[in-house]
Amino acid sequence: MDPYGTEPILQVDDLVKRFPVQLGVVFKRTVGHVRAVDGVSFDLRRGETLGIVGESGCGKSTLAQVLMRLEPPTSGRVRFHGEDVFAKRGRSLQALRRSI
Ligand SMILES: Nc1ncnc2c1ncn2[C@@H]1O[C@H](COP(=O)(O)OP(=O)(O)O)[C@@H](O)[C@H]1O
Ligand SMILES: [Mg+2]
């Protein structure tokens, strides 16, 4: 219980997202990875506003997509209202996407 809202609403801990760089059409091989999100951590509390600022291609959209479970993470932990975002399935996942 957290009746006074002192716990962070969103807790992001060492979040990493890499995209494979693949060559070939039929026989694809992975030749490297784009480090789109590389160890992002922050807390967001009630009443706070967080701006994510950076040059094009620095990972802002990918960060948001991973937080919404539109892209799977490579590693890291995210809690929304204390619940593990990456453990959610089905209806619980749909509800998360609506509210986050
Ligand atoms: N689906 C994807 N597959 C491969 N690389 C991607 C994909 N989405 C984004 N990237 C790469 O990840 C990096 C971060 O992109 P992005 O999150 O869109 O940045 P921003 O929103 O800050 O402009 C870029 O190098 C981009 O090319
Ligand atoms: Mg973007």
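Whatever order the structure lists them in is the order used to number ligands and atoms, beginning at 1. For this chain, numbers begin at 1 and follow the sequence in order.
- For atom 19 (O) of ligand 1, the closest non-hydrogen atom on the protein side is G59 N, 3.2 Å.
- Checking S61 against the Mg ion (ligand 2), an N/O/S atom falls under the 2.8 Å cut-off.
- Closer than 4.0 Å to atom 23 (O) of ligand 1 lies at least one heavy atom of the protein.
- Although no hydrogens or angles enter the test, the distance criterion places no donor-acceptor pair under 3.5 Å between the side chain of T30 and the main chain of V21.
- The backbone N or O of F80 sits nowhere less than 3.5 Å from a side-chain atom of E83 that would complete a donor-acceptor pair.
- Side-chain N or O atoms of R69 include one that pairs as donor or acceptor with a backbone N or O of K88 at under 3.5 Å.
- Of the residues V66, V37, V16, the one that meets the side-chain contact (heavy atoms from CB on, under 4.5 Å) test with P73 is V66.
- Of the protein's heavy atoms, S61 CB, 3.9 Å lies nearest to atom 18 (O) of ligand 1.
- The distance criterion of under 3.5 Å between nitrogen or oxygen atoms is not met by V34 with respect to ligand 1.
- Annotation: the span from T74 atom OG1 to D38 atom CG amounts to 9.5 Å, rounded to 0.5 Å.
- At the top of the distance list for atom 1 (N) of ligand 1, counting protein heavy atoms only, stands F19 CE2, 3.6 Å.
- Distance check on atom 9 (C) of ligand 1: some protein heavy atom falls below the 4.0 Å cut-off.
- In terms of protein heavy-atom proximity, atom 15 (O) of ligand 1 is closest to T62 OG1, 3.9 Å.
- For D14 against G39, the heavy-atom pair with the smallest separation is OD1-CA, 3.3 Å.
- Remark: distances from the non-hydrogen atoms of G54 to ligand 1 are all 4.0 Å or more.
- Side-chain atoms of R29 do not come within 3.5 Å of backbone N or O of L23 as any donor-acceptor pair.
- Between A36 and ligand 1, not a single N/O pair is under 3.5 Å apart.
- In summary, the atoms of ligand 1 found under 4.0 Å from a heavy atom of S56, numbered by their order in the structure, are 23 (O).
- The protein atom (non-hydrogen) at minimum distance from atom 14 (C) of ligand 1 is G57 O, 3.3 Å.
- For the pair K17 and F19, the cation-pi test (distance below 6.0 Å, angle within 45°) is passed.
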